[in-house]
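Both ligands and their constituent atoms are indexed starting at 1 by order of listing. Heavy atoms only: backbone and side chains are in, while hydrogens, waters and symmetry mates are out.
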Amino acid sequence: MPDAAILQASDAPIEFIDLGAQRRRLGPRIDEAILRVVDHGKYIMGPEVAVFEQELAAFCGAKHVLSCANGTDALGLALMVKGLKPGQAVLVPSFTFAATAEVVAWFDAVPVFVDVREDTFNLDPASLEAGIVTAVRLGLEPVGIISVDLFGLPAEYDQILSTAVAHGLWLICDAAQSFGAAYKGRNVGTIGHMTTTSFFPSKPLGCYGDGGAILVEDDDAFAVLKSLRVHGQGSDKYDNVRIGMNARLDTIQAAVLSEKLTIFTDEIDARNRVAARYQELLDEVVIVPQIPIGLTSVWAQYTVRLPIGRDRDRVAAKLKAAGVPTAAYYAKPLHSQSAYRNYPVAGNGLPVCDRLAYEVLSLPMHPYLDENTQDRIAGALRAALRD
Ligand SMILES: *Cc1c(COP(=O)(O)O)cnc(C)c1O
């Protein structure tokens with residue numbers, strides 16, 4: 001594979017994430033899979049849903065997979081299983097997408113924001129300990145941690161798990177960006193008490209709309225999740241034994257995902273080749289991401305840090321003028337967002353999140369980024385930083 005047809009011409013517009021290239025590679029397979037569903041008509045919980053759940057479980061080694069409507073609902077369902085209550089606190093990183101903290105607030109519980117490490121962008125275990133102290137000082141009951149594997153790299157699970165055990169906390173892994181990665185021989189999906197992921201189109205494994213999943217070992221938790229996904233159903237849909245929601249994955253999306261899963265390992269390899277080449281090209285220009293020994297990343301984003309004092313927005317504007325799309329993930333950490341700024345932060349503040357917000361710049365990253373295009377991107381970044 002990658003054949004000439006999917007490589008971009010040297011003057012073609014550069015895509016931030018090129019879903020079109022993947023579509024060309026998969027050819028008519030996805031269209032045929034969608035048509036099969038349209039023809040058999042089982043749009044809700046058709047046979048493709050259970051097939052995809054089995055395939056996803058086999059892919060990562062999780063015992064159970066419950067597909068659902070999106071990655072946010074996956075987190076919400078996980079918290080329902082945990083029985084999160086008002087007055088309880090959940091430790092979450094501030095340097096993440098809003099959904100990670102949003103779901104805690106759904107339950108009138110309190111997200112306590114924790115700082116991240118500047119080298120991995122993931123939860124800082126020391127700040128996690130400080131956050132637990134903060135929660136207790138505020139009269140809250142810390143019950144759990146939602147870790148995030150930012151940009152596709154698993155968090156520091158040895159320390160996070162030992163903190164969780166020491167304080168009797170559960171651990172939900174928000175793997176919306178990291179499905180397919182591994183931590184010291186353990187696949188994402190088998191690390192915390194529950195793992196959630198997202199199939200939003202731009203995630204490493206994305207569908208053609210919204211989708212998500214929960215990966216879980218525990219049989220009882222899985223049985224409850226199945227019920228919660230369909231309005232808390234008991235023996236059938238019209239027998240309601242608990243308060244649930246409507247969070248099913250569409251059959252069409254399951255069919256799309258099964259096709260994409262067949263090339264996912266190959267795409268992860270391609271992402272890693274792109275990342276390795278970015279490192280060669282940019283190591284001396286910016287601070288490039290480093291993967292700790294024993295971990296793998298699926299490179300949901302390739303996020304560099306600009307040298308101290310550089311105006312990120314100016315650099316991004318110059319890149320844009322040169323035809324290179326970029327993004328600032330995340331220009332505003334959650335503890336600074338208007339919806340979240342009244343929630344507590346660990347210790348005396350989150351200095352690393354505050355600084356990263358000004359330094360980070362995510363470059364185009366996808367499995368079909370060819371070398372010429374990468375050279376153009378690196379050249380444009382060098383030029384933007386020169387003056
Ligand atoms: C994308 C994302 C989510 C939410 O997923 P949706 O499918 O868009 O609801 C949650 N957490 C993180 C870290 C994400 O990147």
(request) Determine whether Val230 and Asn246 make a side-chain contact, defined as any pair of heavy atoms from C-beta on separated by less than 4.5 Å. (result) no
(request) Report yes or no: do Gln233 and Ser227 form a side-chain donor-acceptor pair below 3.5 Å? (result) no
(request) Below 4.0 angstrom from a heavy atom of Ser198, which ligand 1 atoms are there? Numbered from 1 as shown, please. (result) 5 (O), 6 (P), 7 (O)
(message) Please report whether ligand 1 has a polar contact with Gln177, defined as an N or O pair separated by less than 3.5 Å (distance criterion only).
(response) yes
(message) Please give me the minimum heavy-atom distance between Leu75 and Ala99, naming the atom from each residue.
(response) CD1-O, 3.9 Å
(message) Can you tell me which residue among Lys42, His40, Gln253 is in a side chain to side chain donor-acceptor pair (under 3.5 Å) with Glu48?
(response) His40
(request) Under 4.0 Å, heavy atoms only, figure out whether ligand 1 is touched by the backbone of Thr72, its side chain, both or neither. (result) both
(request) Check Asp73 against Ala247 and note the closest heavy-atom contact, atom names and distance. (result) OD2-CB, 3.8 Å
(request) Give the atoms of ligand 1, by number and element, whose distance to some non-hydrogen atom of Gly71 is under 4.0 Å. (result) 5 (O), 6 (P), 7 (O), 9 (O)
(message) Would you say Leu215 ends up clustered with Leu225 if hydrophobic residues are merged whenever their side chains have heavy atoms under 4.5 Å apart, either directly or through other cluster members?
(response) no
(request) May I ask you to list the atoms of ligand 1 that are less than 4.0 angstrom from any heavy atom of Ala99? (result) 4 (C), 10 (C)
(message) Show the atoms of ligand 1 that are less than 4.0 angstrom away from any heavy atom in Asn70.
(response) 7 (O), 9 (O)
(request) Would you tell me which option among Gly152, Ala175, Ala176, Ala101 has the nearest heavy-atom contact to atom 12 (C) of ligand 1? (result) Ala176
(message) So is Asp210 touching ligand 1 or not, going by heavy atoms under 4.0 Å?
(response) no
(request) Sorted by first residue and then second, give each side chain to side chain donor-acceptor pair (under 3.5 Å) pair with at least one member in residues 287-297; sequence neighbours left out. (result) none
(message) Just to confirm my output: which protein heavy-atom neighbour is closest to atom 2 (C) of ligand 1, and how far is it?
(response) Lys203 NZ, 2.5 Å
(request) Provide the number and element of each atom of ligand 1 under 4.0 Å from a heavy atom of Thr96. (result) 13 (C)
(message) I want to know if ligand 1 touches Tyr330 in the polar sense, i.e. an N/O pair below 3.5 angstrom.
(response) no
(message) Heavy atoms only, cut-off 4.0 Å: how does Asp174 contact ligand 1, side chain, backbone, both, or neither?
(response) side chain
(request) Mind jotting down which residue pairs meet the ring pair (Phe, Tyr, Trp, His ring centres under 6.0 Å) criterion with at least one end in residues 103-140? Sequence neighbours excluded, please. (result) Phe121-Phe151
